[in-house]
Amino acid sequence: MKVTVTTRSGRELIKGQLDLNTNTTVADLQDAIHQKSEFLNPFKKYYPSRQRLTLPHQPQSKGKPIVLQYKKCLTDYTNGNSDTITIVFKDLGPQVSYRTLFFFEYLGPLLLYPIFYYFPVYQYLGYETKHVIHPVQTYALYYWCLHYFKRIMETFFVHRFSHATSPLSNVFRNCAYYWTFSCFIAYYVNHPLYVPVSKFQMKIGFGLGLVMQASNFYCHVILRNLRGQNGNGGYQIPRGFLFNFVTCANYTTEIYQWLGFNVATQTVVGYIFLVVAASIMTNWALAKHRRLRKLFDGKEGRPKYPRRWVILPPFL
Ligand SMILES: NC(=O)c1ccc[n+]([C@@H]2O[C@H](COP(=O)([O-])OP(=O)(O)OC[C@H]3O[C@@H](n4cnc5c(N)ncnc54)[C@H](OP(=O)(O)O)[C@@H]3O)[C@@H](O)[C@H]2O)c1
């Protein structure tokens, strides 16, 4: 099969056509592009996860171009009618694994928060050398570290990701988000002028938060069991525990565990973080709910997605 690989501007990425077997898969083509492009320019490492391959966009069609699935054969895209095909290549830029992305996101909060508790940060800022440390500040430190330690452990030992990689630029964007909020929250919760809430409120807050963290962990175990060991299995209908009522029960419990932390520590910046995180997760939850309803539409033998809340019953 003759394959022409062009860039989105129509320029040939690899001069001349690639001559491949008729049963070549998209993954084989990606390998071939990688090898050829490296041979032509050793500084451009177009490894497979960096490539996005599509069929040429037809000017009259309004939809998005068809993205080639790496497991499929090239002949699936010609309906077996032709032994030539043109593929459009897009460079997605340097990639990192999802595990690397999540690890760096969470490592920052885990290391930065304790600095404000253990080190004389406030002395450098002109506050008194000695100040009282309230029990709530100590519990908040344990709670915070437990949360991010749990997230790192889940990243390596629980989640079964379907996407191999994410653009390197996301590491900087996500780290900026998590690390900045962590410093602000840690700064205000550990501040020498911090006024603690009542013991009762603290217990309610941390109690709710811990129950929600445990529930969040259990939700992640349920999601894990929807897939095979190497992340195969696509998207399934999550069932059991809170998933019987809410599509993104893992986000619901995540939001409530931050609510618990904020009830116990009560800072403005903590609540701002809660609102920002909840709105990000709401957007993702809406997209995930839509995807599951589309995948499980009850047609042609496919199961019908059950009626469920998206993320925050009884509102959404
Ligand atoms: N505080 C914050 O700002 C914030 C924001 C986001 C997340 N989080 C926390 O981080 C956790 C992980 O976030 P996330 O966005 O990666 O969660 P997620 O997309 O809901 O999923 C976690 C894992 O389960 C898989 N999965 C989800 N739905 C599935 C389904 N229907 N069938 C099969 N597998 C499915 C995902 O696969 P894919 O690889 O295919 O996605 C992913 O590997 C959240 O649950 C939350 O606790 C916190």
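Heavy-atom basis, side chains included; hydrogens, waters and symmetry copies ignored. Not measured: the values here are computed from a predicted model. Numbering of ligands and ligand atoms starts at 1, following listing order. Start at 1 with the first residue, then count along the sequence.
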> Under 4.0 Å from a heavy atom of F102: give me the atoms of ligand 1 that qualify, with their elements.
16 (O)
> Under 4.0 Å, heavy-atom basis, I'd like to know which part of N216 is in contact with ligand 1: side chain, backbone, both or neither.
side chain
> Calculate, to the nearest 0.5 Å, the distance between atoms CZ and OG1 belonging to R308 and T247 respectively.
6.0 Å
> Within ligand 1, which atoms have a heavy atom of M281 less than 4.0 Å away?
1 (N), 2 (C), 4 (C), 5 (C), 6 (C)
> What protein heavy atom sits nearest atom 26 (N) of ligand 1, and how far off is it?
L223 CD2, 4.2 Å
> Looking at Y113 versus Y148, is the centre-to-centre ring distance below 6.0 Å?
no
> List the residues meeting side chain to side chain donor-acceptor pair (under 3.5 Å) with Q257, not counting sequence neighbours, and say none if there are none.
Y143, H147
> More than 12 foreign heavy atoms under 6.0 Å from OH of Y305: is that the case here?
yes
> Mark yes or no: R227 above the aromatic ring of Y235, with NZ or CZ under 6.0 Å from the six-membered ring centre and no more than 45 degrees from the axis.
yes
> What atoms of ligand 1 come closer than 4.0 angstrom to any heavy atom of F161?
39 (O), 43 (O)
> Which one of R291, E254, H159 has a non-hydrogen atom at the shortest distance from atom 46 (C) of ligand 1?
E254
> Give me the nearest non-hydrogen protein atom to atom 17 (O) of ligand 1 as residue plus atom name, then the distance to 0.1 Å.
Y251 OH, 3.5 Å
> Measure centre to centre between the rings of Y188 and Y194, then say whether the value is under 6.0 Å.
no
> Of the side chain and backbone of R224, name the one, both, or neither that has a heavy atom under 4.0 Å from an atom of ligand 1.
neither
> What protein heavy atom sits nearest atom 1 (N) of ligand 1, and how far away is it?
R151 NH2, 3.2 Å
> Using a 4.0 Å heavy-atom threshold (strictly under), name the region of F296 that reaches ligand 1: side chain, backbone, both or neither.
neither
> Is ligand 1 under 4.0 Å from a heavy atom in the side chain of W284, in the backbone, in both, or in neither?
side chain
